[in-house]
Protein chains: 2
Amino acid sequence: MPADRSQGGRPTISEVAAEAGVGRATAARTLGGYGYVSPELRERVLAAAEKLGYRTNALARSMSTGVSHTLGVILADIGNPFFAGVMRGISDASRARGFDTIVLSTYERLDEEVAATDVLIDKRVDGVIIASAAVGRDEVKHIRAAMGRGIPIVLVDRAVTPLDLDTVVIDNRGAAREAVEVMISAGHRRIGFVWGPSSVSTPVTRRALLETARNVWTDGERLRGYLDALDDARIPLDPELVMTGPKTEEWATQEVARMLALPDRVTALFCTETDAVTGALRAVRAAGLSCPRDISLIGFDDSAWAAVMEPPLTMIEQPVRQLGAKAAEVLLDVLDGGEPRHEVHTLSSRLITRASVAPPGKGTFYSQQSKP
Amino acid sequence: MPADRSQGGRPTISEVAAEAGVGRATAARTLGGYGYVSPELRERVLAAAEKLGYRTNALARSMSTGVSHTLGVILADIGNPFFAGVMRGISDASRARGFDTIVLSTYERLDEEVAATDVLIDKRVDGVIIASAAVGRDEVKHIRAAMGRGIPIVLVDRAVTPLDLDTVVIDNRGAAREAVEVMISAGHRRIGFVWGPSSVSTPVTRRALLETARNVWTDGERLRGYLDALDDARIPLDPELVMTGPKTEEWATQEVARMLALPDRVTALFCTETDAVTGALRAVRAAGLSCPRDISLIGFDDSAWAAVMEPPLTMIEQPVRQLGAKAAEVLLDVLDGGEPRHEVHTLSSRLITRASVAPPGKGTFYSQQSKP
DNA sequence: CTGTTAGCGCATTCAA
DNA sequence: TTGAATGCGCTAACAG
């Protein structure tokens, strides 16, 4: 017997049927909106339902249909504006098609991701969207397990190579490359990479870099794009110009300060995240340098703030909501009976040119303490 | 018979029981973690469950217990960084106590809020957290209905006066008042209010203002705080200095431009939202004015960006996550059997003083087109 | 077209 | 302690 099911009388279909003087099936049919019911009975049922304040019990319905009309979403951090935007896209697209969403944040921890997957399986969501922190083959067991249970899954923002799943991303590598190319074209050769590989033992080799960059797919891609641009311009990689360590705004400031203090210091900064941008800017200011006179900068994830900065910042804009919306649509299409295409959908980002890039010029020759 | 319940064999408790050679009740007891089971049988059941890859069906469990361990959350917009932060607080606090969350955005539309409430009732969430767009007595029927059904509800970010519910907010009025007082102390008397009342017919009277400010509770409170500060300083309200119309960054820019073009133009701006801040800044820049030399500014919702602006912006910081966490805790306490206290929990915000406020000084005498 | 009947998977008496 | 039986509210055959 159920525990203390909350008081407020929640009439069931049987009660409505009784009130209307019809069989439960008839009531169920009209209330459930399926099967045939004569207009007169339909009216009586509706009236009874209205009178009793009947509300269908989605749980019970899911029990017998096996469909919950609920999607599970696993993100790195719902509090992060980027993921919040993605979530909005998912949410809007889902609701438009009658689905609700349960969101879980992992904070980039694999164990949390596994736990989240279990929770969603238990709650019998119809499908799952994941921005996974997994990379290696042995890190995707939970996803494979869910797939094995027949749960449709779509990846968003981050591809997971060992998995053959529908995936919605942007061309991170290309976007990064383009940004760095812009700086190179402006004449820069000492370009810092802010916020990427998380832990690398010094001295940092190119291989070690790409190795650690496995951490998060997007970071690795952006690093590759950075290297692509460097390679094309025959600029050798200087590990000193790549940030390593914790991905926090504070640490980004530290690292940029270090790059700024180098004998042959950086003249441009490529930031892979919003917090990396603000962290970098803090270091630039603290060093008494000015952007773009002394330091050029381009970063990921445009926002209203970037446009009102002095100078207005050249940024890479991601189609945040569309990323989520597309992921939801692909998933819902599968739920509607469509065949999973197992393809990678690449949405396009955009480099918004403003005023934070200039030739290295005279600024380069200022000492890093040129200002009072 | 269920529809095409996804293939991947999802073993039930009965199957596990069979595999273990025990009664279903015994299997249910060990798997459900209740009642007494001898160690040996317990072992056998666990082994069988492991072998079959058993996962409890939370839906079925909810059916018989009447508890879903799911919270419903209704916010204005999950894509908005403020609400995303609140959501993170809710999410973290809930998960820590074994609850998951279904989030729904209303975009400030009452009909969406009503629909969201219905969805949550249907899905049998155990409790609901709402940042409601409702204000008047006739706008809270859906909340009353949910309450009548015995669903615990907690309000977050926005109080709803006609309702006697646990509510978690900050002192918006006090925070606004403090900010405006700071500007007044600096010598300002022409202070613009950016982003608040949504639609007011000109001419705008003080009464009409407060009337329309009903739109969203926080807006009303912030407007009251602004008026409080003005009243205290015996500065008469000039309706021309209050923004009306759509709450978009673009419109904020328009309105501020208008205030800047006034014969006796504003010398300070109080912005109630992040987008109002950036919108205002755009207008200031476009007018060739500089902050804080010509225009002082304080706005709501501090962010990493505000600190790296030129000048660093003086902002009001809200305890975003705590707002959500506290709401979730209050709700969960009730679900744990605690009595609803029906009280308003006011968390404190903080004015972060940086450099965007200065005396009106010389800037005041510049023409609004003093720059090339 | 309508009503009867039988589950969905689990929790929970109640006897054994 | 354990197992058999019953019900949660709804959908879905099936018969009438």
Side-chain angles (χ1 to χ4, degrees), chain A residues 1-6 8-45 48-49 52-69 121-124 126 149, chain B residues 1-6 8-45 48-49 52-69 121-124 126 149:
Chain A
M1 189 159 293
D4 66 323
R5 187 185 298 325
S6 319
R10 318 236 191 142
T12 74
I13 262 192
S14 305
E15 300 179 48
V16 173
E19 173 75 29
V22 304
R24 1 164 12 126
T26 304
R29 272 190 284 261
T30 91
L31 261 16
Y34 59 94
Y36 307 90
V37 177
S38 66
E40 39 261 84
L41 287 195
R42 159 178 220 68
E43 268 322 304
R44 295 216 327 249
V45 172
L52 268 43
Y54 171 81
R55 291 257 85 209
T56 177
N57 182 332
L59 250 39
R61 174 174 295 172
S62 298
M63 273 294 292
S64 47
T65 60
V67 176
S68 65
H69 282 274
I121 290 179
D122 290 357
K123 296 224 167 165
R124 294 302 189 267
D126 296 331
R149 282 188 152 75
Chain B
M1 189 158 294
D4 68 322
R5 186 186 299 325
S6 322
R10 318 236 191 143
T12 73
I13 264 192
S14 306
E15 301 179 48
V16 174
E19 173 75 28
V22 303
R24 351 153 35 115
T26 304
R29 273 189 283 260
T30 93
L31 263 14
Y34 57 92
Y36 307 88
V37 177
S38 65
E40 39 262 86
L41 287 195
R42 161 179 217 66
E43 268 321 304
R44 294 212 335 245
V45 172
L52 268 43
Y54 171 81
R55 292 255 85 211
T56 177
N57 182 331
L59 249 40
R61 174 174 294 174
S62 297
M63 272 296 290
S64 47
T65 60
V67 177
S68 64
H69 282 274
I121 290 178
D122 290 358
K123 296 224 167 165
R124 295 301 189 268
D126 296 331
R149 282 188 151 77

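Every chain is numbered from 1, with letters handed out A, B, ... down the list of sequences.
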> Any side-chain heavy-atom pair from T56(A) and R61(A) closer than 4.5 angstrom?
Replying inline: yes
>> Which nucleotide wins on minimum distance to the side chain of A25(B), given the candidates dT2(C), dA4(D), dC8(C)?
In response: dA4(D)
>> In whole Å, I'd like the distance from the CG atom of N57(A) to the P atom of dC8(C).
In response: 18 Å
> Of all the choices, dC10(C), dT2(D), dG3(C), which nucleotide is nearest to the side chain of R29(B) once you look at every atom?
Replying inline: dT2(D)
>> Side chain of Y36(A), heavy atoms from C-beta onward: which of dG3(C), dC1(C), dC10(D) has the nearest atom to it?
In response: dC1(C)
>> Is S38(A) close enough to dT2(C) that one of its side-chain N or O atoms is under 4.0 Å from OP1 or OP2 there?
In response: yes
>> Side chain of V37(A) only, heavy atoms from C-beta on: which candidate in dG3(D), dT2(C), dG9(C) is closest?
In response: dT2(C)
> For the pair made of CD1 in I13(A) and C1' in dT11(D), what is the distance, rounded to whole Å?
Replying inline: 9 Å
> Rounded to whole angstrom units, what separation is found between the CG atom of L31(A) and the P atom of dT11(D)?
Replying inline: 8 Å
> Which of the following nucleotides, dT2(C), dA12(D), dA11(C), is nearest to the side chain of A28(B)?
Replying inline: dA11(C)
>> Return whichever of Y34(B) or L59(B) has its heavy-atom-nearest nucleotide of DNA chain C closer to the 5' end.
In response: L59(B)
> Do the non-hydrogen side-chain atoms of E19(B) and V16(B) ever get within less than 4.5 Å of each other?
Replying inline: no
> Has S64(B) got a side-chain N or O lying under 4.0 Å from the OP1 or OP2 atom of dG7(D)?
Replying inline: no
> Between dC8(D) atom P and R10(A) atom CZ, what is the distance in whole Å?
Replying inline: 15 Å
>> How many whole angstroms separate atom CZ of R24(B) from atom P of dG7(D)?
In response: 14 Å
> For the pair made of CZ in R61(A) and C1' in dG9(C), what is the distance, rounded to whole Å?
Replying inline: 19 Å
>> In the structure I gave you, are the side-chain heavy atoms of V37(B) and V45(B) within less than 4.5 Å of one another anywhere?
In response: no
> So which nucleotide from dA11(C), dC10(D), dG9(C) ends up closest to the side chain of Y54(A)?
Replying inline: dC10(D)
>> What is the distance, to the nearest angstrom, from the CD1 atom on I121(B) to the P atom on dG9(D)?
In response: 16 Å
> So, does R44(A) use its side chain to make a donor-acceptor pair with the main chain of G21(A) at under 3.5 Å?
Replying inline: yes
> Nearest nucleotide by nearest heavy atom, which residue falls closer to the 5' end of DNA chain D, R124(B) or L41(B)?
Replying inline: L41(B)
> Taking CE from M63(B) and P from dC8(C), how many angstroms apart are they, rounded to a whole number?
Replying inline: 13 Å
> Is T30(A) reaching over with its side chain to a backbone N or O of R42(A), donor-acceptor style, under 3.5 angstrom?
Replying inline: no
